[in-house]
Amino acid sequence: TLGHYISGCALMYASTGNEELLQRVNYVVDELEQCQDAHGNGFISGIPRGKELFEEVKAGDIRSQGFDLNGGWVPLYTMHKLFAGLRDAYRLAGNQKALVIETKLGLWLEDIFAGLSKDQILEVLRCEFGGMNEALTDLAEDSGEERFLALAESFYHGEVLNDLAIEKDTLAGRHANTQIPKIIGAARQYEVTGQEHYAGISRFFWDRVVNHHSYVIGGNSYNEHFGEPDKLNDRLGEGSCETCNTYNMLKLTKHMFQWDAYAAYADYYERAMYNHILASQEPVDGRVCYFVSLEMGGHKSFNSQFESFTCCVGSGMESHSMSVSYTHLRAHETLANL
């Protein structure tokens with residue numbers, strides 16, 4: 001959640017110029033620097049037993065499944081959020097120290113993966129890893145270190161991406177939000193490296209999710225998983241439309257629109273922003289939803305303000321900062337057209 005918090009503060013600072021938010025970003029970065037210096041090898045994380053866990057992985061002792069890596073709960077997913085938060089502190093809030101910390105963290109991760117075989121890396125990738133390929137591609141661009149592009153390539157998850165590359169939809173049964181960040185990463189890899197197959201993967205995935213796996217409000221998944229394409233009427237309930245998924249689909253859509261500027265991308269962005277993202281926030285105290293229920297007679301269930309640290313609370317800190325930028329943009333466009 002901390003990485004999301006840094007990103008949310010940086011996004012809101014960029015949108016509003018609120019100096020208090022800048023102070024919060026700078027404070028967190030300073031504290032992270034102390035943590036990194038204490039470890040002494042570039043590592044930094046709030047993952048329980050994280051340092052020991054990754055040393056086991058480095059030694060080839062890899063025990064991996066959907067959400068568990070060597071007894072740790074999605075440690076690379078969590079790591080991705082920290083990379084992204086530091087990136088946003090640097091890019092949006094101008095914190096130069098954040099890039100230094102992120103680069104040291106990237107070098108630490110490179111060392112962890114350096115001695116692993118391709119099969120061992122694929123075993124690591126069985127556990128959800130977020131958008132590590134995106135974060136490392138961005139780090140390569142920001143730091144000027146091409147070595148991070150090679151590290152990003154290590155996170156190519158062929159089990160999923162190879163089917164998408166040949167325009168084959170095998171999403172049914174897969175944990176939805178495990179997949180979307182991989183595609184955002186592929187989009188960034190295309191933008192930075194020019195490798196066309198990454199663009200093809202991104203375009204096909206976007207089309208399948210938006211036009212064959214999404215509900216009317218723009219969200220997707222039931223109980224966090226994709227179902228069979230074009231079969232949603234028996235997948236309506238309190239577990240429909242995980243909010244993290246739409247947060248990530250909007251990020252992917254931004255890339256797609258920048259490439260092609262099709263109306264379909266803008267239409268989806270507007271539909272999902274207004275009907276899912278904005279609808280997922282309690283308007284008085286700011287609490288957010290994990291799911292937005294489509295159950296007959298159903299209702300929204302909001303997480304608590306300060307005790308809930310789910311993935312959707314974390315992404316909600318960003319989504320409602322990004323929505324400020326979006327609604328400001330629409331307001332300026334409306335005034336310009338009057």
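The side-chain heavy atoms of Tyr77 and Thr178, taken from C-beta on, include no pair separated by under 4.5 Å. Between Val209 and Asn245, every side-chain heavy-atom pair lies at or beyond the 4.5 Å cut-off. Using a 4.5 Å cut-off on side-chain heavy atoms (C-beta onward), Trp206 and Thr253 make contact. Between Cys289 and Phe302 there is a side-chain heavy-atom pair separated by less than 4.5 Å. When side chains are defined from C-beta on, Tyr222 does not count as touching Leu236, because their heavy atoms never get closer than 4.5 Å. Counting heavy atoms from C-beta on, the side chains of Tyr90 and Asp142 come closer than 4.5 Å. For the pair Thr137/Leu149, a side-chain contact is recorded, criterion being any heavy-atom separation below 4.5 Å from C-beta on. Side-chain atoms of Phe67 and His175, non-hydrogen and from C-beta on, do get closer than 4.5 Å to each other.
Cluster membership for Met132 and Leu125, using ILVMFWY side-chain heavy atoms within less than 4.5 angstrom, is shared. Cluster annotation: Leu53 is connected to Met79 through the hydrophobic network of ILVMFWY side chains, with a link wherever side-chain heavy atoms come within less than 4.5 Å. Cluster membership check: Leu82 does not share its hydrophobic cluster with Trp73, using side-chain heavy-atom separations under 4.5 Å among Ile, Leu, Val, Met, Phe, Trp and Tyr. In the hydrophobic clustering of this structure, Leu136 groups with Leu107; members are Ile, Leu, Val, Met, Phe, Trp, Tyr whose side-chain heavy atoms approach within less than 4.5 Å, directly or through other members. Hydrophobic clustering keeps Val28 apart from Phe309 (ILVMFWY residues linked when any side-chain heavy atoms are closer than 4.5 Å, directly or through intermediates).
Under the 3.5 Å distance criterion, with hydrogens and angles disregarded, a donor-acceptor pair is assigned to the side chains of Tyr290 and Glu224. Under 3.5 Å, the side chains of Tyr268 and Asn211 contain no donor-acceptor pair of N or O atoms. For Ser308 and Ser304, the side-chain atoms include at least one donor-acceptor pair closer than 3.5 Å. There is a side-chain donor-acceptor pair under 3.5 Å between Arg24 and Tyr5.
Scanning all heavy atoms of the two residues, the minimum distance from Ser7 to Ala84 falls at OG-O, 3.6 Å. Across every non-hydrogen atom of His320 and Met12, the tightest pair is O-CE, 3.9 Å. Here the shortest heavy-atom pairing between Val288 and Val313 reads CG2-CA, 3.8 Å. Scanning both residues, Pro75 and Ile47, for their nearest heavy atoms gives O-CD1, 3.4 Å. When every heavy atom of Phe148 is checked against every heavy atom of Thr103, the shortest pair comes out as CZ-O, 3.8 Å. Minimum heavy-atom separation, Cys312 to Glu242: SG-CG, 3.7 Å.
Looking at Glu128, its side chain never comes within 3.5 Å of a backbone N or O of Gly66 through a donor-acceptor pair. Lys51 contributes no side-chain N or O that, together with a main-chain N or O of Phe43, makes up a donor-acceptor pair within less than 3.5 Å. Of the possible donor and acceptor atoms, one in the side chain of Gln305 sits under 3.5 Å from a partner among the backbone N and O of Asp285. When atom types are taken as modelled, the side chain of Glu282 and the backbone of Val284 share a donor-acceptor pair closer than 3.5 angstrom. At least one donor-acceptor pair under 3.5 Å links the side chain of His80 to the backbone N or O of Gly131.
Taking the ring centroids of Phe129 and Phe155, they lie under the 6.0 Å cut-off.
A salt bridge links Glu56 with Arg49: the closest approach of a Lys/Arg side-chain nitrogen to an acidic carboxylate oxygen falls below 4.0 angstrom. Using a 4.0 Å cut-off between a side-chain N of Lys or Arg and a carboxylate O of Asp or Glu, Glu159 and Arg174 qualify as a salt bridge. Note on Glu141 versus Arg91: salt bridge recorded, some NZ/NE/NH1/NH2 to OD/OE distance being below 4.0 Å.
Taking a 6.0 Å sphere around NZ of Lys168, one finds it holds 12 or fewer heavy atoms contributed by other residues, nucleotides or ligands. Within a 6.0 Å radius of OH in Tyr27, no more than 12 heavy atoms belonging to other residues, nucleotides or ligands are found. The local environment of CD in Glu52 is crowded, with over 12 non-hydrogen atoms from other residues, nucleotides or ligands closer than 6.0 Å.
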| message | Applying side-chain contact (heavy atoms from CB on, under 4.5 Å) to Lys251 and Asn248, what does each step give before you reach the verdict? | response | CA-CA 5 Å; Lys251 288 178 68 176; Asn248 276 315; 3.9 Å; yes
| request: In sequence, state the C-alpha distance, the side-chain angles, and the governing distance for Glu134 and Arg87, and then conclude on salt bridge (Lys or Arg N to Asp or Glu O under 4.0 Å). | output: CA-CA 11 Å; Glu134 176 209 15; Arg87 174 202 64 202; 3.3 Å; yes
| side-chain contact (heavy atoms from CB on, under 4.5 Å) assessment of Asn133 paired with Ile184 | CA-CA 8 Å; Asn133 49 346; Ile184 298 170; over 6 Å; no
| said: Checking Val25 against Tyr13 for the side-chain contact (heavy atoms from CB on, under 4.5 Å) test, could you report, in this order, the C-alpha distance in whole Å, the side-chain angles of both residues, the deciding distance, and whether it holds? | reply: CA-CA 9 Å; Val25 171; Tyr13 168 69; 5.7 Å; no
| request: Determine, stepwise, if the pair Phe205 / Ile180 fulfils side-chain contact (heavy atoms from CB on, under 4.5 Å). | output: CA-CA 9 Å; Phe205 179 85; Ile180 305 170; 3.8 Å; yes
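Residue Glu123 holds its CD atom at 10.0 Å from CD of Gln65, rounded to the nearest 0.5 Å. We find the CG-CZ distance between Asp68 and Arg126 to be 10.5 Å, quoted to the nearest 0.5 Å. Atom-to-atom distance recorded for Ser280:OG and Lys300:NZ is 7.5 Å, nearest 0.5 angstrom. Here the CD1 atom belonging to Ile6 is positioned 9.0 Å from the CG atom belonging to Asp88, to the nearest 0.5 angstrom. Interatomic distance, Lys58 NZ to Asp111 CG, rounded to the nearest 0.5 Å: 3.5 Å. The CG atom of Leu32 lies 11.5 Å from the CD atom of Glu102; values are rounded to the nearest 0.5 Å.
Ring orientation note: the planes of Trp259 and Tyr190 are nearly perpendicular, at an angle over 60° on the 30°/60° scale.
Of the residues Leu69, Leu122, Asn70, Val57, the one that meets the side-chain contact (heavy atoms from CB on, under 4.5 Å) test with Ser64 is Leu69.
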